[in-house]
Amino acid sequence: MASFKPSVVILNAGDARLVGFPGSIIMGKDDVLRAYRGAQNATIVAVHMDAINHMTLSREQLQDYVQQNGIEDRVRIPADGEILKF
């Protein structure tokens with residue numbers, strides 16, 4: 001990711017799980033942290049939580065994780081219907 005130098009990275013970060021499939025089928029909170037560290041000049045926009053029944057990570061849980069790791073300066077977790085402008 002660093003070689004491309006994105007200014008914004010949008011991550012499906014709901015940590016979705018399916019019965020019969022080991023692990024997550026999309027990104028989760030640790031992936032948000034990895035993206036934050038890997039794209040050092042980018043704003044990370046975490047989406048795709050609280051919307052579908054197989055998501056295991058809520059916005060509130062991710063917000064707590066973001067604060068615990070001190071990465072709130074570049075991580076955005078928009079509310080439903082919220083518009084972000086860059």
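Just so it is clear, the structure is predicted and the values come from calculations on it, not from any experiment.
Using a 4.5 Å cut-off on side-chain heavy atoms (C-beta onward), Asn12 and Met27 make no contact. Considering only heavy atoms from C-beta on, Met49 comes within 4.5 Å of Arg59 through its side chain. The shortest distance between side-chain heavy atoms of Asp30 and Tyr65 falls below 4.5 Å. Side-chain contact between Lys5 and Asn41 is absent, with no heavy atoms from C-beta onward closer than 4.5 Å. With contacts defined as side-chain heavy-atom distances shorter than 4.5 Å, the pair Leu11/Val47 does not qualify. For the pair Leu33 and Arg37, the minimum side-chain heavy-atom distance is below 4.5 Å.
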* Asked: Going through the checks in order, is the side chain to side chain contact (heavy atoms under 4.5 Å, CB included) test met by Ile26 and His48?
  -> CA-CA 10 Å; Ile26 65 170; His48 207 56; 3.6 Å; yes
* Yes or no on side chain to side chain contact (heavy atoms under 4.5 Å, CB included) for Phe86 and Val45, after CA distance, side-chain angles and deciding distance? -> CA-CA 11 Å; Phe86 299 96; Val45 181; 3.7 Å; yes
* What do the steps show when you test Thr43 against Val9 for side chain to side chain contact (heavy atoms under 4.5 Å, CB included), and what is the final call? -> CA-CA 6 Å; Thr43 298; Val9 175; over 6 Å; no
* Verify side chain to side chain contact (heavy atoms under 4.5 Å, CB included) between Gln63 and Ile77, making sure each step is shown before the conclusion. => CA-CA 7 Å; Gln63 187 62 48; Ile77 305 167; 3.3 Å; yes
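Side-chain N or O atoms of Gln67 include none that pairs as donor or acceptor with a backbone N or O of Asp64 at under 3.5 Å. Counting only distance, with no hydrogens or angles, the side chain of Arg17 and the backbone of Met55 share no donor-acceptor pair below 3.5 Å.
Closest approach of Ala42 and Pro6 over heavy atoms only: CB-O, 3.2 Å. The shortest heavy-atom contact between Leu62 and Ala46 is CD2-CB, 3.5 Å.
Only one option out of Val66, Val8, Val75 pairs with Ile44 in a side-chain contact (heavy atoms from CB on, under 4.5 Å); it is Val75.
In summary, the side chains of Ser24 and Asp15 do present a donor paired with an acceptor at a separation below 3.5 Å, with no hydrogens or angles considered. If you check the side chains of Tyr36 and Asp31, you find no donor sitting under 3.5 Å from an acceptor.
We find the CG-NZ distance between Leu57 and Lys29 to be 7.0 Å, quoted to the nearest 0.5 Å.
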